[in-house]
Amino acid sequence: MSGFREKFRNFSKFCTEDYLIRYANKGLYKRALKELDNGVSVKYTWNESSVSCQLSEGTRCTLENTLDRWECACPSEHICKHVLIAILYDQREHSSEGSMSADEKHMPDKDSVISDNDPLDVSKDVPVTDSVSNVVSNMDDPGEVPQGVSRENDSRFRWMTESDLTPLIKPYSSSMIEEVVFRLRYPEEIKIIEDSLLTVHLTSQHIEVSFTEEPNLAKALCKVQQTAGRMAKLEALLRYRVLKGLDDTDALSGRVYEAKFSLQTVQECRAMLAGLLKTGLARLPESYMAQLETLAIAAHSGNLPDIERSLRGLQGELQLFFNRHVRFSMQSMLDRVSKLYLALKVLEEEKVSAIQQSQLIGQFRSKYFTVPSLHLYGLGADAWETRSGFRGITYYFYCFDDKEIYTYSDVRAVYYDDQQFSYTEHYGAFTPWLPHLTFRQLVGEEVQFHSVKVNEERRISSGEGAKLVILPRTDVESLNMDKYMQDITSVIREESRSFDLFAAPKERLAVIKVARIVEHHFVKQTQDLMLTIESAEGESLILTLPYSSDWQMMIQRLESGYGSKSLEHFYAFVRVEPKRISPISFLKGQTVLSLKLDIGNGRMGRLGRA
C-alpha cells in the first residue's frame, strides 16, 4: 500500500498550477481552491494501485497517479473540481514537509500568467516561431534570460531534445508516425511558452500541446482527443526538435519504412534480366514474354509493386519490338532495363537504408494524409487519354506554401463499351468542396484549402473534411513561381533529366514568359500542330500539340490563328518532354486559358482582353 502512496505523493507534487489549469480550466481550478479555503477536507484510503478520496462535503472519487484515469460520484463527464480538490488537499497537507515543488512555491501571480477568458494566452509569455533564431534562451548563453523563462525550467525540459527518440515513439503505430512525418514537410509557425510546463502552440492548426518534465508523450496535455491528439503531441515534439536543430530522420525512418519483400523474387528477376542482356534482343525468343508475366505476378505476391510495374512496362516495350512497331524505342528499352536492373541489385545487396528500400519497393496504393492548409494558384487543366483505356482531366495548381505544383485528377475507365467520359461535362461539373463552384472556375482561381488530404506525389484528394475558401486572384505577372518560372533559353538548354533510382519519375513542368506567337502550322506527316513562340529578347521555341479527334476544334482554331494573332505578353504553362514541349495553358493577368478544354468553347478572346 505504502508503495502507491509514495507514487501518488510524487504525482501530486508534479501537478502544478499550470498543469491543472491546462488539463481542466482556470475557472474549475479557482473553484477547487475556494472550496479548500472554505474548509473542505479529504480522507484518503490507499489501495494497491489507486486511492479512494472521501471529501468532507460527501463526494467520493478514486484517483491513480495520472489524470488520464479517475472516477468520481458526481455526474461530470470531464475532470471535475472534486478530483482537483483531492490533489490540491494532498499538496497542502505535505507542503510543510518540503514536498511542494520549487516551481509551485515561486509561481508568479496567477492572473499575470493566464487570463480568465483564455486558459492559455501565449501573448503574455515568450513567443517562438520556427523562423526566428533566438526563439528560446540558450543554456550555454550566459546573457540575459527572457522574462518568464528560467534556467531551472530549461533544464527540466532538456529531455525533449536530449532523450533518445526511439522509446518516446514506441507506442505509436508506423502509420501514425508516417502521417506526422508527412506533415512536417509543410511549414508551421510555432510559439513556445515555458513556465512549469513547456507549451508548443501550432499556430495555423490552433493546437496547443503542453509537455511536462517527465519524458513521456502520454503525459503531455492536449485538448484534441484520441488519435488526432496523440499525433498532435508527436508533431509538436518533432517540430520543437527541428527548431533546436535536431535531425530525427534515422530514428523515424526505422519505424515508418518497414521494407518487407521477397528476396527470392528479387534474385529471380535480376537473373532473368542478366539473361536478357547476355542473349540480346535479336536472338530473344517470344517465349520471354511469358517469363516476364510470371515474374510480374511473383513481384505482386512478393510485395514489390514498383518492380511489378517495371516488369510490365518492359513487357509492353518488348511487345512493340516483336511486332516491329514504329513506336519501339531502343533508348526507352535500355532505360527501362538499366533502372530495373540497378533497383534489383540494390535490393538484393540490402545495404541501403530503410527509406531507400521503401522507395525502390513502392506502394500498391497511394496513401493520403491530411495537411493543415494549402494556398494554391490555378495554372490550368489538361485533358488526356491512355492506350490502356482511361480518360481524365488533370488540374494543376502552384502552392505558395512549399513552392511546388499540386494536381487534382478526375479519371474514369472507358475500356468497357457502356462507359463514357465527356470532357466538357466533367470540366463543367461542380467540385466536391464547394457546391456552386465548377472545375472550370476552380482552375482559374486562387484558393485556400484547410484540412485537405494529399499524397506523396502532391495529388489532392476529393475526400470529405476539406474546406475551400476562394481568395482574390493575384495577377500572374506579379508571381514568383521559383524554379518553375523559366525563360526559353533555360528550357532549351536544360538536358533531359536522367532517371532517379530512389524516386518516381516526375513531370517536368515550366511557366515561360512569351512575347507573342509568331507562327502556327499543322504537320500532316506527324499530325501535330506546331506553335512557334517568341520571347521579348527574340528567342523562339516550338510548342507541339498532337492531333486527336477530341481536339479537332481546338487544332482548327489555333491553326487559323483564331484569337492568337492579338495575343501578346502572356505566360505559357508547358510540359517538357524528351522530344517535344506541349503547352497546357496560357495565362495573362487574372485569366487562365486551358488550351484543350477552353479554345473549343471560344474563350481565346477573353485571354486577349485580359
Side-chain angles (χ1 to χ4, degrees), residues 1 3-95 100-101 104 107 110-111 113-121 171 196-197 199 205-212 214 216-233:
M1 302 287 182
F4 182 75
R5 180 183 301 190
E6 186 64 27
K7 289 182 180 178
F8 185 79
R9 292 281 154 76
N10 291 333
F11 165 68
S12 69
K13 285 188 289 183
F14 166 81
C15 291
T16 63
E17 177 180 1
D18 295 301
Y19 184 84
L20 294 177
I21 286 175
R22 287 185 174 88
Y23 208 100
N25 59 64
K26 188 167 187 178
L28 202 63
Y29 181 80
K30 284 187 171 182
R31 286 197 293 273
L33 289 177
K34 186 176 181 180
E35 298 232 3
L36 285 172
D37 292 339
N38 290 337
V40 172
S41 62
V42 182
K43 182 180 179 180
Y44 300 96
T45 301
W46 302 100
N47 307 312
E48 188 69 33
S49 59
S50 65
V51 57
S52 299
C53 308
Q54 180 67 53
L55 277 63
S56 59
E57 44 92 311
T59 306
R60 187 179 184 86
C61 58
T62 302
L63 279 68
E64 298 182 27
N65 60 333
T66 172
L67 284 179
D68 292 331
R69 296 184 296 274
W70 52 266
E71 293 180 3
C72 186
C74 77
S76 175
E77 295 181 358
H78 305 286
I79 191 169
C80 60
K81 66 178 182 179
H82 308 110
V83 173
L84 299 185
I85 288 172
I87 296 171
L88 293 170
Y89 185 82
D90 181 79
Q91 289 181 355
R92 288 191 175 188
E93 284 293 295
H94 296 86
S95 59
M100 189 74 76
S101 69
E104 189 72 6
M107 279 295 298
K110 301 166 190 172
D111 293 330
V113 179
I114 302 175
S115 69
D116 284 318
N117 295 328
D118 185 358
L120 179 58
D121 185 1
S196 57
L197 299 172
T199 299
Q205 300 181 58
H206 307 291
I207 293 176
E208 292 174 352
V209 179
S210 296
F211 295 95
T212 69
E214 185 175 352
N216 186 343
L217 288 179
K219 299 291 186 181
L221 303 180
C222 181
K223 293 196 179 292
V224 180
Q225 301 298 313
Q226 300 176 343
T227 302
R230 293 185 64 200
M231 290 198 295
K233 293 177 183 180

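Treat the numbers as computed from the prediction; the structure is a model and nothing was measured.
- Within the 4.5 Å cutoff, no side-chain heavy atoms of Glu71 are placed close to those of Ser50.
- Ring pair Phe8/Phe11 is tilted by interplanar angle, where 30° to 60° counts as tilted.
- Evaluation of the side chain to side chain donor-acceptor pair (under 3.5 Å) rule for Thr212 yields no partner, not counting sequence neighbours.
- The CD atom of Glu93 sits 11.0 Å away from the OG atom of Ser12 when rounded to the nearest 0.5 Å.
- Residues that satisfy the salt bridge (Lys or Arg N to Asp or Glu O under 4.0 Å) test with Arg31, not counting sequence neighbours, are absent from this structure.
- In this structure, CG on Leu55 lies 8.5 Å from CG on Leu36, to the nearest 0.5 angstrom.
- Taking all atoms of both residues into account, the shortest heavy-atom contact from Cys61 to Leu63 is SG-CD1, 3.7 Å.
- Under the side chain to side chain donor-acceptor pair (under 3.5 Å) criterion, Ser52 pairs with Asn47, sequence neighbours left out.
- From Lys233, atom NZ reaches atom CD1 of Ile207 across 12.0 Å, with rounding to the nearest 0.5 Å.
- In this structure, Gln91 contributes its side chain and Cys15 its backbone to a donor-acceptor pair below 3.5 Å.
- Looking at residues two or more places apart in sequence or on another chain, you find a side chain to side chain donor-acceptor pair (under 3.5 Å) between Asp37 and Arg92.
- Rounded to the nearest 0.5 Å, atoms CG (Leu197) and CZ (Phe211) are 10.5 Å apart.
- Not a single side chain to side chain donor-acceptor pair (under 3.5 Å) links Glu214 to another residue, sequence neighbours left out.
- Residue Val209 comes nearest to Ala232 through the heavy atom pair CG2-O, 3.7 Å, listed as atom of the first residue, atom of the second, then distance.
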Under 3.5 Å donor-acceptor pairs involving side-chain atoms of residues 72-85, not counting sequence neighbours:
from	atom 1	to	atom 2	distance (Å)
Ser76	OG	His78	N	3.3
Ser76	OG	His78	O	2.8
Lys81	NZ	Glu35	OE2	2.5
His82	NE2	Glu57	OE2	3.4

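- Under the ring pair (Phe, Tyr, Trp, His ring centres under 6.0 Å) criterion, Tyr19 pairs with Phe14, not counting sequence neighbours.
- Between Asn10 and Asn65, the closest side-chain pair of non-hydrogen atoms is not below 4.5 Å.
- Tyr44 places a side-chain N or O within donor-acceptor distance of the main-chain N or O of Ala86, the cut-off being under 3.5 Å.
- For the atom pair CG (Asn25) and CG (Leu20), the distance works out to 11.0 Å, reported to the nearest 0.5 Å.
- For the salt bridge (Lys or Arg N to Asp or Glu O under 4.0 Å) test with Asp90, the passing option among Arg5, Arg9, Lys13 is Arg9; the others fail.
- Annotation: the span from Glu208 atom CD to Cys222 atom SG amounts to 9.0 Å, rounded to 0.5 Å.
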